[in-house]
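For reference, positions follow the sequence shown, starting with 1. Scope of the values below: all heavy atoms of this structure, side chains included, with no hydrogens, waters or symmetry mates.
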Amino acid sequence: MKLNNRGQVLVLFVIMFPVIFFIVAPELAGLIGYPEKYEHIKMMLSWGVVIVFFNSISEFFKEIFIGLEKYKVVCCLTIVEYGSYVCALLVYLRLGIMAPVFAFLTGTVIVSFVSVCWFVEMQGDFWHFSRDSIMNYFEPIFEYAVPLAVIGIGSVVLTEMDTFFLGVLSTREEIAFYGIGKNITSKLAHVNYAIATGTITSIVGKVDKTEEVRQVNKANHLNLYLSYGIFVGLLIGAGLYISVVYGRNFENAEKIIRFLSPYFLFNGMSTFYATYMDFMKKARIRSGFYILMIIINFILDILLIPNYGAMGACVATDIAVIPYFIGLFINFKKLNVVERRV
């Protein structure tokens, strides 16, 4: 079997994207403000391509282990990733601002190598497929993965969009304060993702339909309660966290965290619905809502950041995530209705 045109384009894109991005990195750095405003951005972008490549490998195998319900393996890989990152950071401290870049690169390379070795050990016969069987295996996966790839690229754009516009339209201080708040509220959604993957992959298709719906709804309620609990915790404990971890010089980040807490709430609840929709092969529908969120965030960033800085970015992020949440919530309910009627 020969690769069809779509498969050839996908494979070519996967291979060429790092090369193309590496070539355009100098021009992109100039647009962002290199060297006058950000003297290290060119080198960061260049090394960032390598980091993204190895990080993609590690995340790919983590998703495979989640699908195989090997949660202990995922836990071990996460420990290896962040453990090697911290150790490398201590070694590279003398490199100054580039230390986190090379530390993260080291961590991603190590965890990628460990992931591949672990997978080969568990699924060694995978590598003995014939060429035709490999293409038969991967072609439907590629077709299913295209919407997820759109969402993945959109996630990168959405995560960095506010920071980019703050860098162009505002000050370094605004970037620093906003970066702390956005990083905290975004990373907290990993708790919701853990609940979603831990329950949905072990429930859907493995019990009768009535019990499946009951357990999925029970897990959804747990996710909702947890999301509201963390939301309240952000409102109450933001000041204490910033003072203990970052110090009084970053007290403005406290306000950013509080203003981004609605973003966490809607994003945390949406994470469960998104995981469920992906598992039910509805990622194409979700990708449409995700693109809408990016467009709204883009427009609001342009309108609000020039006058309001980081606070404008917070408002843009909070508003943009609401239509995404509503769209996913409605489709989640529709899927549940279908399941009940089966």
- [ ] Using the side chain to side chain contact (heavy atoms under 4.5 Å, CB included) rule, pick out the option among T197, N192, N223, V191 that qualifies with T271.
- [x] N192
Open item on the list: Once you measure the plane-to-plane angle for F102 and Y92, does it fall in the parallel (<30°), tilted (30-60°) or perpendicular (>60°) bin?
Closed with: perpendicular
- [ ] Begin with the C-alpha distance, continue with both residues' side-chain angles, and end with the deciding distance and a verdict on side-chain contact (heavy atoms from CB on, under 4.5 Å) for M269 and Y228.
- [x] CA-CA 9 Å; M269 293 187 293; Y228 279 107; 4.3 Å; yes
- [ ] Drop me the distance from F177's CZ to I242's CD1, to the nearest 0.5 angstrom.
- [x] 9.5 Å
Open item on the list: With heavy-atom distances below 4.5 Å as the criterion, would you say the side chains of W118 and C76 are in contact?
Closed with: yes
- [ ] Enter the distance from M161:CE to I294:CD1 here, rounded to the nearest 0.5 Å.
- [x] 6.0 Å
TODO: Find out whether V116 and F61 are in side-chain contact, i.e. whether some heavy atom of one side chain is under 4.5 Å from a heavy atom of the other.
DONE: yes
Task: Beyond-backbone contact of V315 with L300, side-chain heavy atoms, under 4.5 angstrom - done: no
TODO: Kindly work out whether a path of hydrophobic side-chain contacts (I/L/V/M/F/W/Y, heavy atoms less than 4.5 Å apart) joins V86 to I79.
DONE: no
Open item on the list: A side-chain contact here means heavy atoms from C-beta on lying under 4.5 Å apart; do D301 and N297 qualify?
Closed with: yes
Task: Closest approach of G268 to S227 (non-hydrogen atoms, all atoms of both residues) - done: C-OG, 3.8 Å
Task: Linked, directly or transitively: F266 and I326 (ILVMFWY side chains, under 4.5 Å) - done: yes
Task: Proximity of F231 and F264 rings by center, below 6.0 Å - done: no
- [ ] Please tell me if the side chains of N55 and E81 come closer than 4.5 Å, counting only heavy atoms from C-beta onward.
- [x] yes
TODO: For N331 and G327, indicate whether the former's side chain and the latter's backbone hold a donor-acceptor pair under 3.5 Å.
DONE: yes
TODO: Please step through side-chain contact (heavy atoms from CB on, under 4.5 Å) for the pair T78 and C75, ending with a clear verdict.
DONE: CA-CA 5 Å; T78 304; C75 180; 5.8 Å; no
Open item on the list: What verdict does the side-chain contact (heavy atoms from CB on, under 4.5 Å) test give for M311 and Y178, after you've listed the backbone C-alpha separation in whole Å, the side-chain angles of each residue and the deciding distance to 0.1 Å?
Closed with: CA-CA 8 Å; M311 300 309 298; Y178 182 80; over 6 Å; no
TODO: Under the ring-ring contact (aromatic ring centres under 6.0 Å, His included) rule, what do F113 and F54 come out as? Steps first, then yes or no, please.
DONE: CA-CA 9 Å; F113 177 76; F54 283 103; over 10 Å; no
Open item on the list: Parallel, tilted or perpendicular: which one describes the rings of Y273 and F325, with boundaries at 30° and 60°?
Closed with: tilted
Task: Minimum heavy-atom distance between R258 and G239, given as atom pair plus value - done: NH2-N, 4.0 Å
Task: Least distance between heavy atoms, A274 atom then R286 atom - done: CB-CD, 3.4 Å
Task: Spacing of I257 atom CD1 and K255 atom NZ [to the nearest 0.5 Å] - done: 13.0 Å
- [ ] Rounded to the nearest 0.5 Å, what's the gap from CG on L224 to CG on L265? Could you check?
- [x] 9.0 Å
TODO: For the residue pair S84 and V111, establish whether any side-chain heavy-atom pair is separated by less than 4.5 Å.
DONE: no
Task: Short side-chain to backbone donor-acceptor contact, E174 and A310, under 3.5 Å - done: yes
Open item on the list: Please report the interatomic distance OH(Y246) to CD1(I180), rounded to the nearest 0.5 Å.
Closed with: 5.0 Å
TODO: Measure across L292 and P323 and return the closest heavy-atom pair with its distance rounded to 0.1 Å.
DONE: CD2-CB, 4.2 Å
- [ ] Could you tell me which non-hydrogen atom of N267 sits nearest to which non-hydrogen atom of A189, and how far apart they are?
- [x] ND2-CB, 3.6 Å
Task: Y193-Y82 co-clustered via ILVMFWY side chain contacts under 4.5 Å - done: no
TODO: Measure the shortest side-chain to side-chain distance between L260 and T317 over non-hydrogen atoms and say whether it is less than 4.5 angstrom.
DONE: yes
Open item on the list: With heavy-atom distances below 4.5 Å as the criterion, would you say the side chains of Y276 and V216 are in contact?
Closed with: yes
Open item on the list: Can you tell me if Y85 has over 12 outside heavy atoms packed within less than 6.0 Å of its OH?
Closed with: yes
TODO: Considering non-hydrogen atoms only, spot the tightest contact between A283 and D278 and give its length.
DONE: CB-OD1, 3.5 Å
Open item on the list: Return the CG to CD1 distance between L226 and I195, rounded to the nearest 0.5 Å.
Closed with: 4.5 Å
Open item on the list: Using a 6.0 Å distance limit plus a 45 degree cone around the ring axis, check whether K182 lies over the aromatic ring of Y263.
Closed with: yes
TODO: Test side-chain contact (heavy atoms from CB on, under 4.5 Å) on L222 and T199 and set out the steps.
DONE: CA-CA 11 Å; L222 172 62; T199 56; 5.9 Å; no
